[in-house]
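I have placed the structure first, in the form of structure tokens, so that the comments after it can refer back to it.
Quantities reported herein were computed from a predicted structural model and do not represent experimental measurements.
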Amino acid sequence: MKLHTPYFAEYLFLAIVILLSVAGFWNIYFDADAHPTSYQHLHLVTNFLWLSLLTYQLRLIGKGNRASHRRAGLAVFFLAPLLVATTALLSVFSAYKGYVSGKGDFLIVQNVGVTFELGLIILLAFVLRKRRKLHGAFLLSSAMLFLGIALFFTLISFVPGFKIEGPETFGRFKTAAIAGQATCLVLGLLFVIRDYRNGWPMLLAAAFFVLNEWIRSFLAQHHMIEGLTEFVGTMDQTLTFFCTFALFAVLLAATGTYKGRHIAAAPGVQSNREEGLT
């Protein structure tokens, strides 16, 4: 890929996210004791469909193919609710496993937090859809949430000094989390430096991990983690999935975006560099 390729930084970022996502899922599928569940299958497929859509939309923008770009963007109205719903479902399933085993769920706050934050980021992208670059930045920043989680699992699975090799190395969970959060913040800051007017959603998404960790620390100090795990873990999984899907679909439709999809922009009104991702 040539350095003058339009959106080179965005392509590179998405490529990193996809590669780290593969690494993050690797042990779930290929470890000696791997037993992936249907929940993980659904989460994997949905995540990669979303990343593929972002990449495809970026390619259409770079080519100036606005008509195809808008048509492909219609997939968001199904895929985004599905993405948020599967994230919510996996959060409930993870909490359920921790609750019934008595071991707890050390990712309970990050899982629940990221579910809400992912939905918020996508909704903001469409609330601010008339500001094309900001709209695109918000959609791209959804991948930052994927990056933070994938990087964490990659570090504890493969990287010496972070890899979990037994109970005596459990302290590395915290080290890996800090390293992942710091990496995301640096990447977010680089996007802000590159374009301070429109790059800040990337930094905002990265900052959510720090916010979630602060919430986790607060809840732990007040002995509320177990209660949160029980509350989330005892939620009906099927109901959670369908209610989350329906609620987010309604919220997305309430932005008024879908009604305006059939209205084509006048030729030459905006350059392809001003287009968003959908």
Side-chain angles (χ1 to χ4, degrees), residues 1 9-37 39-55 58 83 86-87 89-91 93-95 97-98 103-115 117-118 121 140-191 202-213 216:
M1 187 180 295
E10 287 82 358
Y11 275 121
L12 181 60
F13 172 73
L14 286 173
I16 292 171
V17 175
I18 291 171
L19 289 174
L20 285 175
S21 296
V22 171
F25 276 106
W26 189 266
N27 280 350
I28 294 175
Y29 283 88
F30 300 108
D31 190 71
D33 299 319
H35 298 289
T37 67
Y39 301 94
Q40 290 163 334
H41 293 326
L42 180 61
H43 190 59
L44 172 71
V45 170
T46 307
N47 280 12
F48 279 103
L49 282 175
W50 182 256
L51 291 173
S52 297
L53 178 62
L54 293 183
T55 305
L58 201 58
L83 178 67
T86 55
T87 305
L89 176 61
L90 196 64
S91 298
F93 176 67
S94 179
K97 289 196 303 178
K103 297 179 180 178
D105 182 4
F106 73 96
L107 285 176
I108 178 67
V109 176
Q110 287 290 356
N111 287 341
V112 173
V114 165
T115 300
E117 291 148 7
L118 179 61
I121 282 174
L140 187 68
S141 70
S142 66
M144 182 69 79
L145 298 177
F146 295 9
L147 175 65
I149 296 171
L151 181 56
F152 171 77
F153 282 107
T154 299
L155 290 174
I156 64 174
S157 299
F158 300 109
V159 180
F162 295 100
K163 188 176 180 181
I164 304 301
E165 299 169 325
E168 70 281 359
T169 61
F170 282 173
R172 295 177 181 176
F173 281 118
K174 183 176 181 179
T175 307
I178 293 173
Q181 291 168 18
T183 301
C184 289
L185 286 171
V186 169
L187 285 174
L189 184 59
L190 289 175
F191 273 93
M202 297 290 282
L203 185 58
L204 174 65
F208 279 141
F209 290 112
V210 179
L211 173 63
N212 294 342
E213 179 57 28
R216 185 208 63 77

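- Rounding to the nearest 0.5 Å gives a distance of 7.5 Å between CE of M202 and CD of E10.
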Discussion item. Set out, in order, the CA-CA distance, both residues' side-chain angles and the distance that settles side chain to side chain contact (heavy atoms under 4.5 Å, CB included) for L147 and L187, then state yes or no.
Written reply: CA-CA 10 Å; L147 175 65; L187 285 174; 3.4 Å; yes

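- Distance CD1/I18 to OG/S52: 6.0 Å, rounded to 0.5 Å.
- Between L203 atom CG and L189 atom CG the span is 6.0 Å, to the nearest 0.5 Å.
- Note that CG of L54 is 11.0 Å distant from CG of L49, once rounded to the nearest 0.5 Å.
- Atom CZ in F48 sits 6.5 Å away from atom CZ in F25 (nearest 0.5 Å).
- With contacts defined as side-chain heavy-atom distances shorter than 4.5 Å, the pair H41/Y29 qualifies.
- Proximity of a side-chain donor or acceptor of Q40 to a complementary backbone N or O of T37 within less than 3.5 Å is detected.
- Among residues two or more places apart in sequence or in another chain, the side chain to side chain donor-acceptor pair (under 3.5 Å) test is passed with S157 by N27.
- Judged purely by atom type and a 3.5 angstrom limit, S91 uses its side chain to pair as donor or acceptor with the backbone of N111.
- At distances below 3.5 Å, not a single donor-acceptor pair connects side-chain atoms of S94 with backbone N or O atoms of L90.
- Between I156 and A176, the shortest heavy-atom contact is CG2-CB, 3.5 Å.
- A206 and C184 make their closest contact through CB-O, 3.3 Å (heavy atoms, listed as atom of the first residue, atom of the second, distance).
- The shortest distance between side-chain heavy atoms of L14 and L140 falls below 4.5 Å.
- In this structure, Q110 contributes its side chain and N212 its backbone to no donor-acceptor pair below 3.5 Å.
- A search for ring-ring contact (aromatic ring centres under 6.0 Å, His included) contacts involving F93 returns Y39, not counting sequence neighbours.
- Centroid-to-centroid, the aromatic rings of F191 and F13 come within less than 6.0 Å.
- Shown here are the ring-ring contact (aromatic ring centres under 6.0 Å, His included) partners of F162, two or more places apart in sequence or in another chain: there are none.
- The distance from the CG atom of L118 to the CE atom of M144 is 13.5 Å, given to the nearest 0.5 Å.
- Summarising the geometry of I108 relative to A95, their closest heavy-atom pair is CD1-CB, 3.7 Å, with the distance given to 0.1 Å.
- Listed for the R172 side chain is a donor-acceptor partner under 3.5 Å among the backbone atoms of K163.
- Side-chain contact between L51 and S21 is present, with heavy atoms from C-beta onward closer than 4.5 Å.
- You'll find the side chain of L107 stays beyond 4.5 Å of the side chain of I149, heavy atoms only.
- Proximity of L20 to F146: side-chain heavy atoms (C-beta onward) are nowhere separated by under 4.5 Å.
- Between F152 and F209 the shortest side-chain heavy-atom distance does not fall below 4.5 Å.
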